[in-house]
Amino acid sequence: MKVNFYTSQREYHEKKNEFDSAIQNIIEKGNFILGEQVSKFEKEIQEYTGAKYAIGVASGTDALIIASDILGFKDGKEVITSPFTFLASASCITRHKGKPVFVDIDEETFGIDVSKIEEKINEDTVGILPIHLFDQMAEMDKIMDLAKRYNLKVLEDAAEAFGMRWKGNGNCYSHSGTIGDFGVYSFFPTKTLGGYGDGGMIVTNDDNLARLAKSFRVHGATQKYHYDFIGYNSRLDTIQAAILSVKLKYIDEAIKKRQKIAQMYMERLADCEYIKLPIAKGDQKQVFYVFNILAEDRDGLAEYLKKNEVGYSIYYPMPLHLQKSFEYLGYKKGDFPIAERVSQKIIALPIYPEMTMEEVEFVCKTIKEFYRK
Ligand SMILES: *Cc1c(COP(=O)(O)O)cnc(C)c1O
């Protein structure tokens, strides 16, 4: 049995008519740039997440860059973030010469260890950039408390976290992205809400930040051909917006299926002593964008999965402080031991709503076979 790590084909064929007519409708009308489907989809995202504003941009990476620019993550100012994430979470800070300051991660959640943030705050610090990584949100209560005390801006990288909710000290669940000054989502095809190409979204509850984000995505224009800022050319594509609107209709169902697959992995793999299953901390409504395990002899297991045609992925094989592109920051091996250790052991198993139970069984059987040898 061949198990893909991910495929868009099954969902497409299940709802082919809906996707085809959404795409065709736009081509027929010809309103390609910021067409009505973009504002419709933005409204749907506001309704779903509870964010006051949603601004569609070209990718999650652009969303992070634009938000960083607006929040003043630049010119030597420091922003505290995690070294165990996708490059874009930190490169957005460096885009305008801001400085990422890393702190190590929590061993169990793989998210930023909030107890290590305060000691890194100094007079140059302007922000905190938490990432809601893989399958749970960061400890936002503590982050927002620090931000308030030290007057810092918070940019939530919720690129992987669409649909995730979390309950802190408050009495209701908040959607990822809606707690800090800005939050960003990515609609990269594999993401929980993924398009058929690149796409991203900035969300905020702040009137002024929303106004700036809207202007920055059209070159900094406040009215046509009047530029108050040097902005970007970064709009959510109208065709992608139409596709994403179709997908958003079914997102709760899709999340339930992800949860069911995760549950199955948990049950089937519980007795395997060579692996560690994911642990969620706090009151989380999980989405399971990714299902990670920590595996002994990870590279051997990966090799074995490949041989048996089981897809897998390694997020992330090298923490950011050890990347060549960040050499100039002056970090060295051993600076963030937990992130370094996790990057040696982590491996992501296939998880997507259209995966069959037989496929999940096969993945589990193959993993157990490897360790029995
Ligand atoms: C996917 C991802 C991004 C970037 O999103 P794109 O839409 O691919 O540009 C940023 N941060 C994290 C944590 C991601 O997983």
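The figures here come from the full heavy-atom set of this structure, side chains too, leaving out hydrogens, waters and symmetry mates. Sequential numbering from 1 along the given sequence is applied to the chain's residues. One-based numbering, in listed order, for ligands and for the atoms of each.
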Let me see the working for Arg268 and Glu361 under salt bridge (charged side-chain N to carboxylate O under 4.0 Å, His left out), right down to the final yes or no. CA-CA 8 Å; Arg268 301 295 188 278; Glu361 295 283 9; 2.8 Å; yes
A student checking ligand 1 against Gly60 at a 4.0 Å heavy-atom cut-off should list atoms 5 (O), 6 (P), 7 (O), 9 (O)
Hey, is ligand 1 close enough to Thr61 that some N/O pair sits below 3.5 Å? yes
The closest protein heavy-atom partner of atom 7 (O) of ligand 1 is Ser186 OG, 2.6 Å
Basic-acidic side-chain contact under 4.0 Å: Lys281, Glu139: no
Please report the closest heavy-atom contact between Glu340 and Lys332, naming both atoms and the distance. OE2-O, 4.1 Å
Could you identify the single nearest non-hydrogen protein atom to atom 14 (C) of ligand 1 and state the distance to 0.1 Å? Lys191 NZ, 3.1 Å
What part of Asp157, side chain, backbone, both or neither, has a heavy atom within less than 4.0 angstrom of ligand 1? side chain
Would you call Lys345 and Glu296 a salt bridge, taking side-chain N to carboxylate O under 4.0 Å as the test? no
Working for salt bridge (charged side-chain N to carboxylate O under 4.0 Å, His left out), residues Lys249 and Glu44: CA-CA 9 Å; Lys249 281 201 290 183; Glu44 289 166 354; over 6 Å; no
Answer yes or no: is there an ion pair linking Lys142 with Asp145, defined by an N-O contact shorter than 4.0 Å? no
Which protein heavy atom lies closest to atom 8 (O) of ligand 1, and at what distance to 0.1 Å? Phe188 CD1, 3.7 Å
Protein contact to atom 15 (O) of ligand 1 [nearest heavy atom, distance to 0.1 Å]: Glu160 OE2, 2.7 Å
Would Lys15 pass as a cation-pi partner of Tyr250, given that its NZ or CZ must be under 6.0 Å from the six-membered ring centre and within 45 degrees of the axis? yes
Of the protein's non-hydrogen atoms, which lies at the shortest distance from atom 10 (C) of ligand 1, and what is that distance? Ala159 CB, 3.5 Å
Counting heavy atoms only, which part of Thr85 comes closer than 4.0 Å to ligand 1: side chain, backbone, both or neither? side chain
